[in-house]
Amino acid sequence: MLINKDSLSIYVHIPFCVRKCLYCDFLSFNCDKRAIDDYFVALLTEVKEKSADFRNLQVKSIFFGGGTPSYVDAEHICDTLKCTRENFNVADDAEISIECNPASAIYDKLQAYREAGINRISIGAQSLNDEELARIGRAHNADMFRETFENARRAGFDNINVDIMSALPGQSMDSYMETLSKVVNLNPEHISAYSLIVEEGTPFYDMELDFPDEEEDRRMYHETKRFLSEHGYHRYEISNYSRDGYECYHNKVYWKRGNYLGLGLGASSMVDNIRWKNTEEFNEYLSHESNKKELHSLTKSECMEEFMFLGLRLTSGVCCSDFKAEFGQDIDEVYGKIIEKYIAEGLLIKDGDNLFLSDEGMDVSNTVMADFLLD
Amino acid sequence: MNQDKIRNFCIVAHIDHGKSTLADRMIEKTGVLTLREMQNQVLDNMDIERERGITIKSQAVRMIYKAKDGEEYTFNMIDTPGHVDFGYEVSRSLAACDGAILVVDATQGVEAQTLANVYMALDHDLDVFPVINKIDLPSAQPQEVKDEIEDVIGIEAQDAPLISAKNGIGIEDVLEAVVHKIPAPVGDPNGTLKALIFDSIYDSYRGVIVFVRVRDGVIRKGMKVKFMATDAEADVVEVGYFGPGRFIASDELSAGDVGYFTASIKNIQDTRVGDTVTDLANPCSEALPGYKKVMPMVYCGLYPADSAHYSDLRDALEKLQLNDASLFYEPETSQALGFGFRAGFLGLLHLEVIQERLEREYDLNLVTTAPSVVYKVHKTDGTCFDLTNPTNLPDPSEIEYMEEPIVNGEIMVTTDYVGAIMQLCQERRGKYLSTDYIEQSRAILKYELPLNEIIYDFFDALKSRSRGYASFDYELKGYERSELVKLDILINREEVDALSFIVHKDGAYERGRKMCEKLKDEIPRHMFEIPIQAAVGGKVIARETVKAYRKDVLAKCYGGDISRKKKLLEKQKEGKKKMRQIGNVEVPQAAFLSVLKLDNTD
């Protein structure tokens with residue numbers, strides 16, 4: 001995949017949910033209709049204001065994430081997309097994705113999305129076991145997911161992602177594999193399989209729960225790769241699998257450090273090695289002020305660090321020649337010792353120009369990545 | 001000055017019984033200080049002392065008191081360290097006094113250190129009078145405490161002033177008692193100069209400032225003096241008195257006076273506490289009694305956490321030594337920890353104080369190895385040497401036998417905990433000597449204990465097993481032959497020299513097992529399994545395993561917000577920096593310390 005410095009990806013944050021899942025630590029909340037309407041007024045204003053700075057860049061992907069984008073009226077989404085097209089230079093073949101929750105994505109909505117030009121849909125199934133779903137506080141059950149999936153196909157989506165999770169409380173290897181095989185039977189183009197991490201500040205953090213132990217967790221993780229590859233899905237990122245040709249472009253922009261603009265509450269951006277983040281205060285966001293908080297121009301060292309720890313999330317890893325082209329230094333000059341150490345430990349693999357994590361390395365990627373931070 | 005109007009005394013007390021507070025009030029009442037000048041505790045002017053509530057370096061202060069008889073008296077109050085580690089310094093401070101005020105807490109009564117300090121004062125022929133402090137507390141029992149003092153110590157206590165140093169009650173009575181109960185000095189002002197050094201500090205402008213009590217003769221500016229023990233000579237540049245918090249220069253100090261002099265002395269080792277200063281031109285025939293060279297009792301390795309800071313550590317130790325002649329250090333190298341120093345201390349508290357000062361005043365991050373006592377190793381070739389670092393223990397085949405230091409320990413404890421404390425002493429290889437009941441509820445247990453059993457966590461264990469009701473005091477008895485072995489710790493099959501130590505052979509298994517358990521908790525999981533083994537003479541006696549890390553991955557990274565991920569990685573990286581690399585295992589500094597605290601009742 002080529003990620004061109006003349007292109008841009010846009011992330012649109014929809015911070016609303018019918019309720020918060022027990023493990024969720026993303027920026028989302030439940031709101032009344034009035035607040036949602038206000039939000040989209042502010043969002044469209046931001047779209048227009050920000051676009052002035054980015055007209056020279058071609059938009060290659062748009063991603064509606066949340067929260068639950070499908071929770072709000074389809075009109076809001078379609079208007080936002082329309083406004084984005086009017087104000088940005090959106091490529092005809094741009095990948096345009098939306099995240100959906102089975103409980104809220106009724107057929108009419110899906111059809112409206114499709115008509116508005118959204119061409120990829122991501123459904124948060126998490127599990128196809130109703131008990132597991134209840135335990136993690138999801139608002140849907142397995143039947144609702146199946147219905148949503150079929151509706152999406154019916155609405156004309158030919159690029160569907162399904163999110164599933166392993167290491168859920170009370171989950172067994174068998175129940176996980178059952179979910180996995182049921183998902184595969186639906187034949188989605190893309191599968192994201194996350195292993196649950198309990199974050200501080202979420203209800204799960206303070207609950208006494210029966211999580212699979214670490215060994216079981218890793219078995220589920222490894223089985224995922226084996227099972228999915230058997231069924232024609234290849235892993236291209238720590239937690240992402242797809243059919244050939246269906247890797248998520250937008251996702252890879254993050255890991256390859258392409259330009260991206262985040263719109264909406266608390267959204268993050270990086271363009272030309274400058275990072276910034278919108279306010280996370282709802283009322284502040286509505287007031288249209290301080291939408292561009294502080295800009296952080298990345299130093300060369302920071303760029304190198306990111307190049308490594310983001311790039312290594314991809315199974316293809318990083319290209320040593322890209323490193324040299326971008327920074328004018330040999331990768332070994334900067335990271336030779338660490339690379340050598342982890343190759344010796346079998347956690348990194350060097351294959352020609354490519355440097356990537358082994359399967360064992362993926363399991364403990366944080367440990368490896370931390371060493372790529374410079375002093 | 002007329003010696004009749006001089007009173008040289010000190011205050012002795014158990015820790016926390018209010019010695020420093022009383023000193024502050026006396027200074028206040030004698031009016032040498034304005035309230036504004038008063039720091040909370042004038043005498044303790046090092047931060048650490050204030051926080052720990054203990055006095056480390058002895059100091060002195062001069063006060064002018066107008067007594068009820070209309071006469072003006074000069075009081076020289078000499079502050080003494082309260083801890084057993086500094087016993088020798090205490091003894092030299094006492095030798096500079098003619099009397100002592102004994103402060104006893106009206107709620108606590110006589111404690112182990114009270115006794116130890118009073119006996120030491122009586123040994124120095126000081127006249128001791130008691131004051132009862134904290135009488136304003138609801139639980140005060142002044143009459144019982146008075147009776148106890150008479151019963152246990154055997155000094156007159158019925159007319160002891162009842163005071164509250166904290167609230168300034170009864171301070172006048174104490175001052176009057178000093179005039180009437182402390183004898184005036186009786187030196188010969190016309191004799192040959194004979195002055196006792198009871199302390200010294202280093203000042204970067206004036207060199208060493210020597211604190212002296214003049215017994216006979218006069219010391220004045222311009223005089224050439226000699227230090228009898230070290231044979232050093234010096235020209236006196238300045239003499240003077242101790243004002244509160246500052247030095248007040250004068251023309252001379254004569255018999256009975258307490259004060260200081262400077263003589264452009266650059267080396268604090270020349271001015272040893274307990275030494276006698278005399279006139280170079282007309283030296284006295286014999287030194288004052290009691291001088292001894294202070295020997296470190298406890299040794300440990302001090303290493304910079306970051307090896308790049310080795311020279312900073314060296315500079316800091318040099319500076320500390322200027323003010324603390326009892327601190328000993330020399331360079332050493334450890335395979336595990338790199339370049340550092342082996343340092344000798346008077347005791348574990350001294351060690352902790354130095355360690356804290358290095359970290360606080362010099363901003364150093366240290367790794368401290370297990371403290372070790374000094375063993376005598378008798379080799380088969382007939383030679384004998386002092387072992388201060390366990391790593392240097394020769395091969396067992398070259399050792400005829402070994403000796404370890406033994407102390408006489410006294411533990412004062414309420415009778416409820418006698419059983420628990422006796423068990424503790426038993427576990428620590430104590431040899432029971434006797435039990436003295438000083439009253440119905442309290443006893444003094446006497447034990448002979450190996451020093452190496454008390455330098456690790458004995459105080460902590462004592463406190464936890466007696467719920468804080470036991471106090472402990474000890475003095476070195478001598479060396480005894482003992483069956484000692486070197487316990488080695490292997491991490492991932494590599495011997496870690498910094499964790500080796502000497503232990504009695506009967507305790508080797510237990511200690512090895514506990515160390516492995518502790519280390520298992522302290523060493524973070526790696527990408528591979530790490531065996532932790534304890535071995536004696538190459539034979540593994542205990543083992544634990546740190547399981548391999550299986551999962552350390554951030555599954556989801558959302559909406560392009562990498563800040564959390566970066567923070568996580570930075571935290572991880574920061575954590576690694578605090579680690580010591582041993583082979584390919586990263587060991588946190590805390591691991592080196594945790595193995596010192598192994599008492600299992602916590």
Side-chain angles (χ1 to χ4, degrees), chain A residues 9 11 13 25-27 63 65-66 163 165-167 192-197 199 214-215 217-218 221 238-239 250 253-255 260-262 264 266-270 275 277 296 302 305-306 309-310 313 341-342 344-347 360-373 375, chain B residues 304-309 312 338 365 491-494 520-531 544-588:
Chain A
S9 287
Y11 173 80
H13 191 66
D25 73 332
F26 294 127
L27 185 59
F63 194 103
D163 269 358
M165 295 178 92
S166 59
S192 295
Y194 302 107
S195 156
L196 176 71
I197 290 173
E199 298 282 356
E214 206 179 62
E215 297 294 320
D217 172 296
R218 285 300 92 184
Y221 213 62
I238 289 186
S239 310
H250 190 87
V253 165
Y254 295 144
W255 314 133
Y260 58 90
L261 175 65
S268 298
S269 305
M270 189 194 78
R275 289 194 179 276
K277 188 172 162 59
H296 176 64
E302 287 173 321
E305 292 170 356
E306 289 187 1
F309 77 72
L310 296 174
R313 287 187 68 92
K341 174 185 163 195
Y342 283 117
E345 289 182 20
L347 301 177
E360 296 74 33
M362 286 270 177
D363 288 344
V364 292
S365 57
N366 286 343
T367 315
V368 181
M369 289 168 180
D371 269 336
F372 284 95
L373 297 187
D375 290 319
Chain B
D306 179 349
S307 52
H309 294 144
D312 297 340
N365 208 347
I491 294 179
N492 205 19
R493 299 185 178 80
E494 277 196 47
K520 183 191 167 201
D521 293 340
E522 289 288 339
I523 295 175
R525 291 193 296 168
H526 283 55
M527 261 98 38
F528 41 87
E529 198 176 273
I530 305 166
E544 291 283 342
T545 306
V546 179
K547 279 204 200 152
Y549 216 157
R550 298 301 311 281
K551 178 188 182 183
D552 182 21
V553 53
L554 196 61
K556 195 150 181 166
C557 202
Y558 201 73
D561 186 0
I562 65 152
S563 58
R564 178 185 302 159
K565 171 151 182 94
K566 176 118 188 236
K567 227 174 265 169
L568 185 101
L569 295 179
E570 274 167 354
K571 210 170 129 194
Q572 211 153 2
K573 171 110 180 172
E574 207 43 49
K576 286 189 192 191
K577 272 194 196 157
K578 294 198 180 120
M579 307 268 190
R580 276 286 171 169
Q581 191 81 25
I582 290 174
N584 49 1
V585 179
E586 278 151 356
V587 180

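Chain identifiers are assigned alphabetically (A, B, ...) following the order of the sequence lines, protein sequences preceding nucleic acid strands; residue numbering begins at 1 within each chain. Since this is a predicted model, take the numbers as computed values, not measurements.
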*asked:* Determine whether B:Lys566 and A:Glu302 satisfy the following criterion, side chain to side chain contact (heavy atoms under 4.5 Å, CB included), listing intermediate values before the conclusion.
replied: CA-CA 10 Å; B:Lys566 176 118 188 236; A:Glu302 287 173 321; 3.8 Å; yes
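Of the atoms belonging to A:Glu360, not a single heavy atom falls under 4.5 Å from chain B. Both the backbone and the side chain of A:Asp371 come within contact range of chain B, each with at least one heavy atom under 4.5 Å from a heavy atom of that chain. Heavy atoms closer than 4.5 Å to chain B are found in the backbone of A:Met362, but not in its side chain.
Note on B:Arg525 versus A:Glu214: salt bridge recorded, some NZ/NE/NH1/NH2 to OD/OE distance being below 4.0 Å. Ion pair A:Glu306/A:Arg275 flagged as a salt bridge, since at least one NZ, NE, NH1 or NH2 atom sits closer than 4.0 Å to an Asp/Glu carboxylate oxygen.
Side-chain atoms of A:Lys277 do not come within 3.5 Å of backbone N or O of A:Ser268 as any donor-acceptor pair.
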